[in-house]
Each structure stands twice: as C-alpha cells, then as structure tokens.
Amino acid sequence: MCVGKKRTAYDIVKSAARLAGIPEPPEEKLIPLEIEMKRSTGANKDLYAANAAKIIGKLKEGGCSYVTLGDPTFYSTYWGLHGAIENILSERNGENGTVGKFRLKTNVINGVSSFHYSFGLIGEPFIIKESSVLITVPVKKDLYEIEEEIKFIAGKKSRPQSIVLMKAG
C-alpha cells in the first residue's frame, strides 16, 4: 500500500480491515509517496517517476496496492503514477512492458467520486432524465472561461440539474 503525509486512505483501509475481521497492513509494508495535490509547480513528473521506481521494487517482491480516495478513473493521481510505471518498464525492456519475468498487471477498482458522495450526503440527484450537467475543472481557467462554460450549459433546452466544479483550488 502506498501512503503520503496525510494517511486518510490508509486509515480507511485499516478501518475496513477491522470491520471485515482481517489483519490490517503492517507499517513496514507501506511505501510513503508524495504527490503534489494543489496547483502544480511542475514537480509531479519527477515525483511520479520516483514513486514509480519504489512501486516497481515492491512489485518485483510480489505485489503492491495503490489506494486512493474517490474514483481512480476520474481525475485521479493514479493515472499519472500508472503512466510513470509504464514509462520505466518501456525504457528498460522496449515496448513489451516486462522486467525479467515481471509484467505490469493492474486491477482498477472504482470508488465513489467526490461529487457522487456529496450529492448522496444531501440526498439529491446530480442529474436526472433529460437534464444537463456541467462538470468542469476550473483550476487553470480564468473567470471568463468558467462563465462561458456555464452560459453554454445553461443555454441548453433542458436546464442543468447541477454544476460541479472539480478541483476548484
């Protein structure tokens, strides 16, 4: 399992293990990872490469799990890390993705994205039949761009049920 400074995902896994009556992962099995989570200063490319090298070491020993909050297929740090692992493997052995007898095999288990969770807390749907929804990531957009997106979706025949601003910073 991979964790950073804030160990929220690890704490959730520990709680789930306790509830399921199985042993929680021991501290020595953890790989501390650092991922830049706020506005990027460009450090993530190097961080992903360093983290990928750590994970490849664990994979050679038998396996590794990367636990993330939310859905790893929706705006997640997971894919940057996955790509960095694939890049290292390709550089080492051409395009076949192997290191010796090792081949990268992943199983992605989707979680619940933050906006699904939030709408569940308030007991409201975020989209219903024949309505529209705007999901946007405004981090590197100016106010004009965000206003234009909202005007575009608001101008549709069926009014939006909701507007979701992801990673608003």
Side-chain angles (χ1 to χ4, degrees), residues 1-17 19-20 31-55 64-91 95 97 104-169:
M1 176 180 298
C2 311
V3 295
K5 292 176 188 173
K6 291 185 180 180
R7 298 168 26 141
T8 306
Y10 175 67
D11 292 340
I12 291 170
V13 169
K14 282 182 13 178
S15 295
L19 287 171
I31 305 171
L33 301 179
E34 183 181 344
I35 304 279
E36 197 173 32
M37 297 299 290
K38 296 185 179 176
R39 268 185 200 233
S40 178
T41 60
N44 265 345
K45 184 175 180 182
D46 293 335
L47 289 171
Y48 281 138
N51 292 333
K54 291 177 186 179
I55 290 172
C64 179
S65 295
Y66 181 82
V67 178
T68 185
L69 300 179
D71 185 338
T73 65
F74 190 85
Y75 211 93
S76 174
T77 58
Y78 169 75
W79 292 104
L81 188 55
H82 183 95
I85 292 169
E86 286 184 331
N87 287 343
I88 290 172
L89 296 179
S90 293
E91 288 170 6
E95 295 302 316
L104 179 62
K105 180 181 176 191
T106 59
N107 293 312
V108 176
I109 301 170
N110 290 14
V112 177
S113 63
S114 59
F115 63 89
H116 285 98
Y117 177 75
S118 298
F119 281 103
L121 286 177
I122 63 172
E124 294 288 333
F126 74 95
I127 188 167
I128 57 175
K129 187 176 182 180
E130 296 182 18
S131 67
S132 300
V133 64
L134 169 66
I135 301 172
T136 186
V137 181
V139 172
K140 294 187 178 185
K141 296 177 182 173
D142 61 30
L143 186 56
Y144 175 77
E145 289 174 288
I146 296 168
E147 287 175 346
E148 288 301 305
E149 288 180 332
I150 293 170
K151 286 178 188 175
F152 173 78
I153 198 76
K156 296 297 179 189
K157 184 177 177 181
S158 57
R159 294 304 219 190
Q161 179 70 15
S162 59
I163 296 172
V164 178
L165 302 173
M166 295 292 299
K167 309 288 184 182

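All values below were derived from every heavy atom in this structure, side-chain atoms included, with hydrogens, water molecules and symmetry-related copies excluded.
- Remark: I135 CD1 to F74 CZ distance equals 4.5 Å, nearest 0.5 Å.
- Legend: residues meeting side chain to side chain contact (heavy atoms under 4.5 Å, CB included) with S114, ordered by chain and number and at least two apart, are M166.
- The shortest heavy-atom contact between T73 and W79 is CA-NE1, 3.5 Å.
- Taking both residues in full, the closest heavy atoms of A84 and A49 are given as CB-N, 4.1 Å, listed atom of the first, atom of the second, then distance.
- What you find for V112 and Y117 is that their closest heavy atoms are CG1-N, 3.8 Å.
- The side chain to side chain contact (heavy atoms under 4.5 Å, CB included) search around K54 returns I31, L33, N51, not counting sequence neighbours.
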For residues 142-155, run the donor-acceptor check on the side chains, cut-off 3.5 Å, and write out each pair with its distance to 0.1 Å, sequence neighbours left out.
residue : atom : partner : partner atom : Å
D142    : OD1  : Y144    : N            : 3.1
D142    : OD1  : E145    : N            : 2.9
E145    : OE1  : D142    : N            : 2.9
E149    : OE1  : T136    : OG1          : 2.6
E149    : OE1  : K141    : NZ           : 3.3
E149    : OE2  : T136    : OG1          : 3.3
E149    : OE2  : K141    : NZ           : 2.5

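- To the nearest 0.5 Å, the span separating CZ on F115 from CG on D71 amounts to 8.5 Å.
- Within a 6.0 Å radius of CD1 in I109, no more than 12 heavy atoms belonging to other residues, nucleotides or ligands are found.
- The CD1 atom of I85 sits 12.0 Å away from the OG atom of S90 when rounded to the nearest 0.5 Å.
- For G111 against P72, the heavy-atom pair with the smallest separation is N-CD, 3.7 Å.
- Rounded to the nearest 0.5 Å, atoms OG1 (T77) and OH (Y48) are 5.0 Å apart.
- For the atom pair N87 CG and H82 NE2, the distance stands at 10.0 Å (nearest 0.5 Å).
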